[in-house]
Amino acid sequence: MTVRTRFAPSPTGYLHIGGVRTALFNWLFARRHGGQFLLRVDDTDAERNVAAALRPILDGFRWLGLGWDEGPEVGGPYAPYYQSQRSGRYAEAVEQLLASGAAYRDYATGGEIQAERDTARREKRRFLYSRGWMAETDAAAARFEAGGRRASVRLKMPREGVCAFRDLVRGDVEFEWGLEQDHVVRRADGTFLYHLASAVDDHDFAITHVIRAVEHLSNTPRQLFITTALGYAPPAFAHVPYVAAPGSAEKLSKRKLDRYLRHHEFKAIYDRGAAIAERSRLAVAPETFNPVVVDFYRAVGYEPDALLNYLLLLGWSLDDRTERFTRDEMVARFSLDRINRAAASFDPGKLAAFQERRMQALGIDDRVARATPFLQRAGFVRTPPAEAERARVRDVVQAAGDRIKVAGDVLDYPEFFQADADVAYDGKAFDKRLRKDGAAPLLRRFRGRLAETRPFDAATLERTLHDFVDAEGIRIGQVIHAIRVAVTGKAVGFGLFEGLAILGPDACLARIDRALAQLAS
RNA sequence: GUCCCCAUCGUCCAGAGGCCUAGGAUUCAGCCCUUUCAAGGCUGAGACACGGGUUCGAAUCCCGUUGGGGACGCCA
């Protein structure tokens, strides 16, 4: 029997980072065992589905490189993979449940159910439907319908005994049947609910392993009930713990961005991302520009492999030290039995560390390829880049080295792409390094040396400065900062000589002149 | 409220009775390197929630307490 796993997103418009981890586990498990990983669209709730809300989810999967063997846009032998298009099958299943007595028509109104629920809560016991409006015979149904009521279909759950099953991460699990609800599987309007659809689909799509978030653990008995009532062989279950919020044990939620922003590492990656988005004139939807959502990482230039590697280790480990995994290594080493039982908090700082290492491992060509689109969006480089632009990007990325931690960080160096007159001065740096006694004349004299320096490369420039410093009888620190601010506008940046060489003599001289003029005025 | 689950450095993991004076990663602090900023190197701080058992021996097994969390929909 070949292993088949699935991830079943409902089209909400965004891909949650916790969802990705669950999907990754599914993907890895299927790949590990030479099986198939499929995507199924859980869109039974028409009201909740916004148009085109599946797009960002599929894009996210593609970006991450988590390919699906069957599902939306790729089809497959069991198509369609949209629950909204499988009503025929669900209708059959409901008829079968009804016929076997595993389900019944129910005529209670929402208000009546709510009243029973309220009573139960008042009496401090778990709610259990009285079955007061249950119709098990056509005669009973006719009586209710004569009163204008419409039937939903509920599961007739056992009221005694236990539901026991083995969970691949949690071990043996038991639930008391008597505590289970008579869940609705078909609404009064004839549409079907998740549990029914899920049980039917897992069977129809030949899913062998249901690997999903632990939130679904308590749903398992009712799904098992449906599965067995329908005569299907149940899949194996593996319930993965949820991903908790940074510095907390609460479930990570997209809606609590404001609260997470109080966590300094979370705030740091958010702020960095926001700065990149702003500089690259990226139109960000506040809805998804959120480190809880995968889109965020794509937008600011993270490496998918870094995200995946980090997520893999959030609740799973191989041993006490292996942390770096390539795709192939992940696939080769992954196993369900090393998934933790406790929830794990999302740690943005550690994700950033993985990203940094991954970026460092990339060759210059890859880094240039990652950085270029950000410069294009910011309007610094044309699409496609001119030859000179291409070379400039390469030089800057090379010189910046591992200062570029996410691809969007290349926008920290606009001065290499701007016209001389557009370079902005950092006011504080300008005052500190240029507006002080001796700075201007020193800079002017150095300009003279610079004008004669040839070749204009980093090594020669460095020699030029050292000669200048010796001749003046000063320390290098007395002039180098002034040069940096004059030429780049900033107090910080990569190697000064590399920077000067990249800009070339004309730009360097023009910028020094501009700074000098600014000082004189 | 009812049911269920979880519990090792701030965080993520290792640990399945002696290998643990608890290991790795990340974060943080300090030092080194250095024209700035990064990176890198070195050093350091930092945990078995508590109480009882079981055992020659417990972070590991059992019970309880405490704390934290999840599920309780005609949502998925």
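In this text, all values refer to a predicted model and were calculated from it rather than measured experimentally. Quick note on labels: first sequence line is chain A, next is B, and so on, each numbered from 1.
OP1 or OP2 of B/C12 has at least one side-chain nitrogen or oxygen of A/Ser345 nearer than 4.0 Å. Considering only side-chain N and O atoms, A/Ser198 lies nowhere under 4.0 angstrom from the phosphate OP1 or OP2 of B/A76. When the side-chain nitrogen and oxygen atoms of A/Asn340 are compared with OP1 and OP2 of B/A7, none of them lie within a distance under 4.0 Å. Between B/C74 and A/Arg117, a contact under 4.0 Å exists linking OP1 or OP2 to a side-chain N or O. Of the side-chain N and O atoms in A/Lys350, none sit less than 4.0 angstrom from OP1 or OP2 of B/C13. Taking only side-chain nitrogens and oxygens, A/Lys432 never comes nearer than 4.0 Å to OP1 or OP2 of B/U36.
The distance between the ring centers of A/His183 and A/Tyr129 does not fall below 6.0 angstrom. Separation of the A/Tyr270 and A/Tyr260 ring centroids does not fall under the 6.0 Å cut-off. Two rings, from A/Phe25 and A/Phe334, have their centers less than 6.0 Å apart. No close placement of the A/Phe7 and A/Trp68 rings is indicated, their centers lying 6.0 Å or farther apart.
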Distances for protein N or O near nucleotides 2-5 of chain B N or O, under 3.5 Å:
| residue | atom | partner | partner atom | Å |
| --- | --- | --- | --- | --- |
| B/U2 | O2 | A/Arg126 | NH1 | 3.4 |
| B/C5 | O3' | A/Arg170 | NH2 | 3.4 |
| B/C5 | O2' | A/Arg170 | NH2 | 2.6 |

Distances under 3.5 Å between protein N/O atoms and the N/O atoms of nucleotides 41-49 of chain B, please, pair by pair.
none

With 3.5 Å as the limit, what N/O pairs link the protein to nucleotides 32-34 of chain B?
none

Quick one: which protein N/O atoms are closer than 3.5 Å to N/O atoms of nucleotides 18-23 of chain B? Pair and distance per line, please.
| residue | atom | partner | partner atom | Å |
| --- | --- | --- | --- | --- |
| B/G23 | O2' | A/Arg321 | NH2 | 2.7 |

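Taking only side-chain atoms of A/His481, from C-beta outward, the nucleotide of B/A14, B/U35, B/A71 with the closest atom is B/U35. You'll find that the side chain of A/Glu250 is closest to B/G70, out of B/A76, B/G70, B/A25. Nearest nucleotide to the side chain of A/Leu496, out of B/A76, B/C12, B/U35: B/U35. The listed nucleotides are B/C12, B/C75, B/A39; the one nearest the side chain of A/Leu193 is B/C75.
Atom P of nucleotide B/C13 and atom CG of A/Leu311 are separated by 12 Å, given to the nearest angstrom. The separation between A/Phe334 atom CZ and B/C13 atom C1' is 15 Å, rounded to whole Å. Atom CZ in A/Phe354 sits about 10 Å away from atom C1' in B/C13, given to the nearest Å. Look at CG on A/Leu313: it is 11 Å from C1' on B/A14, rounded to the nearest Å. In this structure, A/Leu252 atom CG and B/G69 atom P are separated by 14 Å, rounded to whole Å. Here B/G73 presents its C1' atom at 16 Å from CD of A/Glu215, a figure rounded to the nearest Å. One can place CD of A/Glu323 at 8 Å from P of B/A25, the figure rounded to the nearest angstrom. A/Arg187 places its CZ atom 9 Å from the P atom of B/C74, with the value rounded to the nearest Å.
Using a 4.0 Å heavy-atom cutoff across all strands shown, A/Glu123 reaches no nucleic acid atom at all. A/Ala491 comes within contact range of at least one nucleobase, with a heavy-atom separation under 4.0 Å. Using a 4.0 Å heavy-atom criterion, one finds that A/Gly315 contacts the sugar-phosphate atoms exclusively. Looking at heavy-atom distances under 4.0 Å, A/Ala188 makes contact with a base. Counting non-hydrogen atoms under 4.0 angstrom, A/Lys251 reaches the backbone sugars and phosphates but no base. Within 4.0 Å of A/Arg433, counting heavy atoms only, lies no atom of the nucleic acid at all. Contact annotation for A/Gly401: no contact, since no heavy-atom pair falls under 4.0 Å across all strands. Base contact: A/Ala108 has a heavy atom under 4.0 Å from a base atom.
Spacing of C1' atoms, B/C61 relative to B/C42, comes out at 42 Å, to the nearest Å. Comparing B/G53 with B/A45, their P atoms sit 34 Å apart, to the nearest whole Å. Taking atom C1' in both B/G40 and B/C33, the straight-line distance is 8 Å, to the nearest Å. Nucleotides B/G70 and B/C32 are separated by 47 Å at their P atoms, to the nearest Å. Comparing the same atom, P, in B/U43 and in B/C6 gives a spacing of 39 Å after rounding to whole Å. B/C48 and B/U60 have their C1' atoms separated by 10 Å, with the value rounded to a whole Å. For the C1' atoms, the distance from B/A25 to B/C9 is 12 Å, rounded to whole Å.
Between A/Glu329 and A/Arg324 there is no salt bridge, since no side-chain N of the basic residue sits under 4.0 Å from a carboxylate O of the acidic one. Salt bridge annotation for A/Glu136-A/Arg105: absent, with no cationic side-chain nitrogen under 4.0 angstrom from a carboxylate oxygen. For A/Arg449 and A/Asp467, the salt-bridge test fails: no basic side-chain N is under 4.0 Å from an acidic carboxylate O. Under a 4.0 Å N-O distance rule, the pair A/Glu250/A/Arg259 qualifies as a salt bridge. Note on A/Arg511 versus A/Glu415: no salt bridge recorded, every NZ/NE/NH1/NH2 to OD/OE distance being 4.0 Å or above. Under the 4.0 Å criterion applied to side-chain N and carboxylate O atoms, A/Arg367 and A/Glu303 are not assigned as salt-bridge partners. Salt bridge status for A/Arg154 with A/Asp106: present, with a side-chain N to carboxylate O gap under 4.0 Å. Using a cut-off of 4.0 Å between Lys/Arg side-chain N and Asp/Glu carboxylate O, A/Asp182 and A/Lys156 are scored as not salt-bridged. Residues A/Asp201 and A/Arg89 are not paired through a salt bridge, judged by the lack of any N-O separation under 4.0 Å between the basic side chain and the carboxylate. Salt bridge annotation for A/Glu112-A/Arg117: absent, with no cationic side-chain nitrogen under 4.0 angstrom from a carboxylate oxygen.
A/Leu257 and A/Pro291 make their closest contact through CD1-CD, 4.0 Å (heavy atoms, listed as atom of the first residue, atom of the second, distance).
For the side chain to side chain contact (heavy atoms under 4.5 Å, CB included) test, residues two or more places apart in sequence or in another chain that qualify with A/Ala102 are A/Leu97, A/Ser100, A/Phe225, A/Ala229.
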For residues 398-409 of chain A, tabulate all N or O donor-acceptor pairs below 3.5 Å that involve a side-chain atom, not counting sequence neighbours.
| residue | atom | partner | partner atom | Å |
| --- | --- | --- | --- | --- |
| A/Arg403 | NH1 | A/Ala400 | O | 3.2 |
| A/Asp409 | OD1 | A/Arg272 | NH1 | 2.2 |
| A/Asp409 | OD2 | A/Lys405 | N | 2.9 |
| A/Asp409 | OD2 | A/Val406 | N | 3.0 |

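On a pure distance criterion of 3.5 Å, no polar donor-acceptor pair joins the side chain of A/Asn219 and the base of B/A71.
Between the side chains of A/Gln355 and A/Tyr297, not a single donor N or O lies within less than 3.5 Å of an accepting N or O.
Take the nearest nucleotide of RNA chain B for A/Tyr242 and for A/Gly247: the residue whose nucleotide is more 5' is A/Gly247. Nearer to the 5' terminus of RNA chain B, by closest-nucleotide assignment, is the contact made by A/Ala120 (compared with the other of A/Ala120 and A/Ala353).
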